[in-house]
J.: 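One structure, as structure tokens, below. Some questions next.
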Protein chains: 2
Amino acid sequence: MAETLTATALTLKDIAREAGVSLATVDRVLHNRPGVRPDTVRRVQAAIERNAFQPHVAAAELARGRARRFAFMMPSGPNPFMQQIEAYLGEMSAWLSARRLSVEMVATDVFDPSVLAASLETLSGDYDGVAVVALDHPGVRAAINDLVDAGTKVVTLVSDVPSSRRHHYVGIDNIAAGRTAGALVGRLAGQRSGKVAIVAGSQGLRDHAERIFGFNQVMASEFPALSVLPVLEGRDEDDRSEQVLARLLGKHTDIVGLYNVGAGTQGVAKALSDKALSDAGRDKVVFVGHDVTVLTRRLLLQGVMDAAISQNPGHEARAAVRVLLALARGEPILREQEKIRIDIVMRDNLP
Amino acid sequence: MAETLTATALTLKDIAREAGVSLATVDRVLHNRPGVRPDTVRRVQAAIERNAFQPHVAAAELARGRARRFAFMMPSGPNPFMQQIEAYLGEMSAWLSARRLSVEMVATDVFDPSVLAASLETLSGDYDGVAVVALDHPGVRAAINDLVDAGTKVVTLVSDVPSSRRHHYVGIDNIAAGRTAGALVGRLAGQRSGKVAIVAGSQGLRDHAERIFGFNQVMASEFPALSVLPVLEGRDEDDRSEQVLARLLGKHTDIVGLYNVGAGTQGVAKALSDKALSDAGRDKVVFVGHDVTVLTRRLLLQGVMDAAISQNPGHEARAAVRVLLALARGEPILREQEKIRIDIVMRDNLP
DNA sequence: CTCAAAATGAGTTGCGTACCTCAAAACACC
DNA sequence: GGTGTTTTGAGGTACGCAACTCATTTTGAG
């Protein structure tokens, strides 16, 4: 009736006895220190695996003495999503200090590749791990690889540099996010036919470009009754987003759907509401955007916005820390746990 | 540019010096041991708070000696969702044993309150923490309270007993889940009007009843064009679900939506597909169900199913363990982290 | 003031590992 | 066989805290 998981209470001493060697030798094998004959190494490793031995992390952590230092390199501008990540890191402070971990926020212009690369280089040697909101650019890639070569653990956060040798990526698949947005706009538009507008920050940003790509993919293949208008660029600013969208809404009277890829949500919502007022007969425009903020929460509750595609910033912050810690300790990563999901948030499942 | 979170490297010795007392007294205060004058207690606590002191969890864990034991009390029958939870616990085994934690699975008939209560009583004293898939019943409530009084940490899993003094509930809000399902069926049905069917396991199950309640709430208030038919009971069995649903589909030709509250998904899908074949002119029925399994994943990809409301079983398993551990250690719980979200899963954001 | 009870100080031991030193043993090579 | 090198053993110290003992000081009641 009861089935037990886990819990061998073996210690290094037991492993040493089993392998017929001394503690010192086990220690040398465990930490890849030199001066052990190959077949002795094998004997020790065999004993470790035979018993599924796991070093006691508490003891290891205590013995190593010095604390671990991690750095988070984040965009310097006022970005609500990044601020949320910082806030959630702040909420972890008790958790961090109970484990003698320190996390330092380093602000930099992540949109300028040379600045970002230079900032990354300055971190070398000072940290056990670095999380970085990275731009995909050769200079940045090289800087990341240098960090890795120096023994620092590196995870990319929110935005990936797949061509680098970073140890892990904590973030969502943006193409799939765009596809999800497309499916939602298409499905929520019901039987209607008409046009669909896209407002993005800039098509130069990798994550925005990927989302648009996924969105168009789905629209083209599954919703032939809807035609996608050329992408509007709002630079993630409210005013500009409002202007470009208002103009488009004026020009086309048969817009039934709207996908807001990045920020500037306030402006987008305003353009939408104004149009609805001035033009009462018109059907409601299906509006899908990204991220759950104070604003999008309100828009969802009011029914202005129909769905938000969200990546949980708290989860991203904590996952980044846990992954860096696991990497630093040489522990396995719980992939399933650290994976960031694409959340569909509607009014009734608002977190 | 760099802002540091965390990381006082203070020790108990420092606190003792600050408070002008000895290590022994600090220890007494920290562990609520008797024999300390009230105002000395205050002085020590003041020093602790002034420095935001956090005991080094690694040192504490190492010093306490004995390992911690947790029990998971799960339904004995073959339930795919529960099996997933067990599987994810299994994946944690390395993580658990590195922390010298043991997790034992205890199977019991959770649907018989007296059996469940008796099983819970047998655990008393043997475990530091218990996670239980609980039935809301006075006998069960009493058994949980007894465990709590004996000093065992208790979390309810998936299904709650809010009237008990359990320390934490790891699971979703089922009324909100039902509301979400309702909003999806309503929105995905588009402009159409017609009838909506509900297939549940049994209306006697608390979680099913709550989901139906939430579903009806939304349908009544927001989708007047859709009328909800009386609930069909499929007892979570495939055959029975198929039969009752097939009969209903035969009787009503204007069914546009279907909410499957529990299991029996295979049967529901079969009834739906058969009907669609025999009756080609008919519009597709919007089908919303629960949980991501091998089957629902396939149905979503095929387009038979439109959305699944899901609670992440891996997250539930890990959250339960982490919460029990935090409770046992006296650490604060990261509420945001341990909260189980209502996931909307559609084809393009399948995990 | 006296005396018992309460409060506090001082100290010890052990948890399992990391990291280090030094000596001893085993080995390879000529 | 002797040499130098590599490999191994033995042991120590430190990490921060839990949990305990026992002696000493302080306190309050009579």
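Per chain, numbering begins at 1; letters A, B, ... match sequence-line order.
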J.: Inspect the contact between B:Arg69 and B:Asp126 and indicate whether a charged nitrogen and a carboxylate oxygen are less than 4.0 angstrom apart.
T.: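 Judged by the 4.0 Å cut-off on N to carboxylate O distance, B:Asp126 and B:Arg69 do not form a salt bridge.
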J.: Report the distance from atom CZ of B:Arg64 to atom P of C:dG16, rounded to the nearest whole Å.
T.: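 Going from B:Arg64 (CZ) to C:dG16 (P), I get 13 Å.
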J.: Taking B:Arg43 for its side chain and B:Ala19 for its backbone only, find out whether a donor-acceptor pair lies under 3.5 Å.
T.: yes
J.: Which whole-number value in Å describes the distance from A:Glu61 CD to C:dC19 C1'?
T.: 15 Å
J.: Going by side chain to side chain contact (heavy atoms under 4.5 Å, CB included), name the residues that satisfy it together with B:Arg66, two or more places apart in sequence or in a different chain.
T.: B:Arg64, B:Asp128
J.: Evaluate A:Arg141 against A:Asp136 for salt bridge (charged side-chain N to carboxylate O under 4.0 Å, His left out), listing each step before the verdict.
T.: CA-CA 7 Å; A:Arg141 181 196 322 155; A:Asp136 195 359; 5.1 Å; no
J.: Please state how far atom NE2 in A:His56 lies from atom P in C:dA18, giving the value in whole angstrom units.
T.: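 It works out to 12 Å between those atoms.
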J.: Using 4.0 Å as the upper bound for N to carboxylate O, is an ion pair formed by B:Glu61 and B:Arg100?
T.: no
J.: Does D:dG30 have a Watson-Crick or wobble mate here (both distances under 3.5 Å), and if so which one?
T.: C:dC1
J.: Starting from P on C:dT13, measure out to CG on B:Leu23 and report it in whole angstrom.
T.: 16 Å
J.: Which nucleotide of DNA chain D is the first, and which the last, in the 5' to 3' direction, to come under 4.0 Å of a heavy atom belonging to chain B?
T.: D:dG16 to D:dT27
J.: When the distance from CD of A:Glu331 to P of C:dT17 is rounded to whole Å, what number comes out?
T.: 13 Å
J.: Could you state the CG-P distance from B:Asp27 to C:dG11, rounded to the nearest angstrom?
T.: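 Computing the B:Asp27:CG to C:dG11:P distance gives 16 Å.
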J.: Are B:Glu104 and B:Tyr127 linked by a side-chain donor-acceptor pair shorter than 3.5 Å?
T.: yes
J.: Look only at the side chain of B:Asn312 and the backbone of B:Gly314, and say whether a donor-acceptor pair between them is shorter than 3.5 Å.
T.: yes
J.: Run the side chain to side chain contact (heavy atoms under 4.5 Å, CB included) test against A:Ala319 and tell me which residues pass, sequence neighbours left out.
T.: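 Result, side chain to side chain contact (heavy atoms under 4.5 Å, CB included) vs A:Ala319: A:Val170, A:His315, A:Arg322, A:Glu338, A:Ile340.
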J.: Using the side chain to side chain contact (heavy atoms under 4.5 Å, CB included) criterion, which residues pair with A:Glu121? Sequence neighbours excluded.
T.: A:Ala143, A:Asp146
J.: Polar-atom pairs under 3.5 Å, protein N or O versus N or O of nucleotides 21-25 of chain C: list them with distances, or write none.
T.:
none

J.: Could you check which residues of residues 31-44 of chain A get a heavy atom under 4.0 Å from DNA chain D? Sort them by number, please.
T.: A:Gly35, A:Val36, A:Arg37, A:Thr40
J.: Without decimals, in angstroms, what is the distance between B:Arg66 CZ and C:dC15 C1'?
T.: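 Spelled out: CZ on B:Arg66 to C1' on C:dC15 is 14 Å.
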J.: Minimum heavy-atom separation for A:Val321 to A:Phe72, with atom names?
T.: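 So the two residues come closest at CG2-CZ, 3.8 Å.
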J.: Between the side chains of A:Asp39 and A:Arg42, is the shortest nitrogen-to-carboxylate-oxygen separation below 4.0 Å, so that they form an ion pair?
T.: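 No.
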J.: With DNA chain C as reference, determine whether A:Leu12 or B:Thr25 sits nearer its 5' end, using the nearest nucleotide of each.
T.: B:Thr25
